[in-house]
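Contents: one structure, followed by commentary.
Both backbone and side-chain heavy atoms feed into the values below; hydrogens, waters and symmetry mates do not. Sequence positions, counted from 1, serve as the residue numbers for this chain.
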Amino acid sequence: MNLEIEKNIGQNIKTLRERAKITQDCLAAKLQLCGCDITRSAVAKIEVGQRHLYPDEILHIKEILNASFDEIFYGIR
């Protein structure tokens with residue numbers, strides 16, 4: 001994968017999480033309730049582009065943050 005793309009997606013997720021006014025801990029907990037095996041540390045790594053996202057995580061993040069795929073992949077416009 002392209003590191004720059006992963007960093008951009010991570011930053012987009014961070015922006016969306018902050019827009020939703022939830023912490024990394026809260027996002028991790030909500031993802032765990034959806035069946036994702038993820039920690040706060042993993043969320044932090046996603047946000048800086050150091051950890052790959054799994055398709056199911058993307059789907060759940062989209063729902064939890066009430067975001068569109070365009071916002072996750074291309075940012076808030």
Please give me the minimum heavy-atom distance between [X] and [Y], naming the atom from each residue.
X	Y	result
Leu3	Gly49	CD1-O, 3.7 Å
Gly75	Asn12	N-ND2, 3.2 Å
His52	Glu57	O-OE1, 4.1 Å

Just verifying a value: how many Å separate [X] [atom1] and [Y] [atom2], rounded to the nearest 0.5 Å?
X	Y	atom1	atom2	value
Ile46	Gln24	CD1	CD	9.5 Å
Glu63	Leu65	CD	CG	10.0 Å
Asn66	Ile61	CG	CD1	14.0 Å
Asp37	Leu31	CG	CG	11.0 Å

Decide yes or no for [X] and [Y]: does some side-chain heavy atom of the first lie under 4.5 Å from some side-chain heavy atom of the second?
X	Y	result
Ile64	Ile22	yes
Leu16	Ile72	yes
His60	Gln32	no
Ile13	Leu53	yes
Phe69	Leu59	yes
Ile58	Phe73	yes

- Item | Qualifying residue, where the test is salt bridge (Lys or Arg N to Asp or Glu O under 4.0 Å) with Glu71 and the options are Lys62, Arg19, Arg17 | Arg19
- Inspect the surroundings of NZ in Lys30 and state if more than 12 heavy atoms from other residues, nucleotides or ligands are less than 6.0 Å away.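 12 or below, so no.
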- Task: Mind running side-chain contact (heavy atoms from CB on, under 4.5 Å) on Val43 and Asp25 for me, showing each step along the way?
- Result: CA-CA 8 Å; Val43 170; Asp25 275 324; over 6 Å; no
- Query: Is there a path from Val48 to Ile5 through hydrophobic residues (I, L, V, M, F, W, Y) whose side chains come within less than 4.5 Å of each other?
  - Reply: no
- Query: Between Gln11 and Glu47, does any side-chain donor sit less than 3.5 Å from a side-chain acceptor?
  - Reply: no
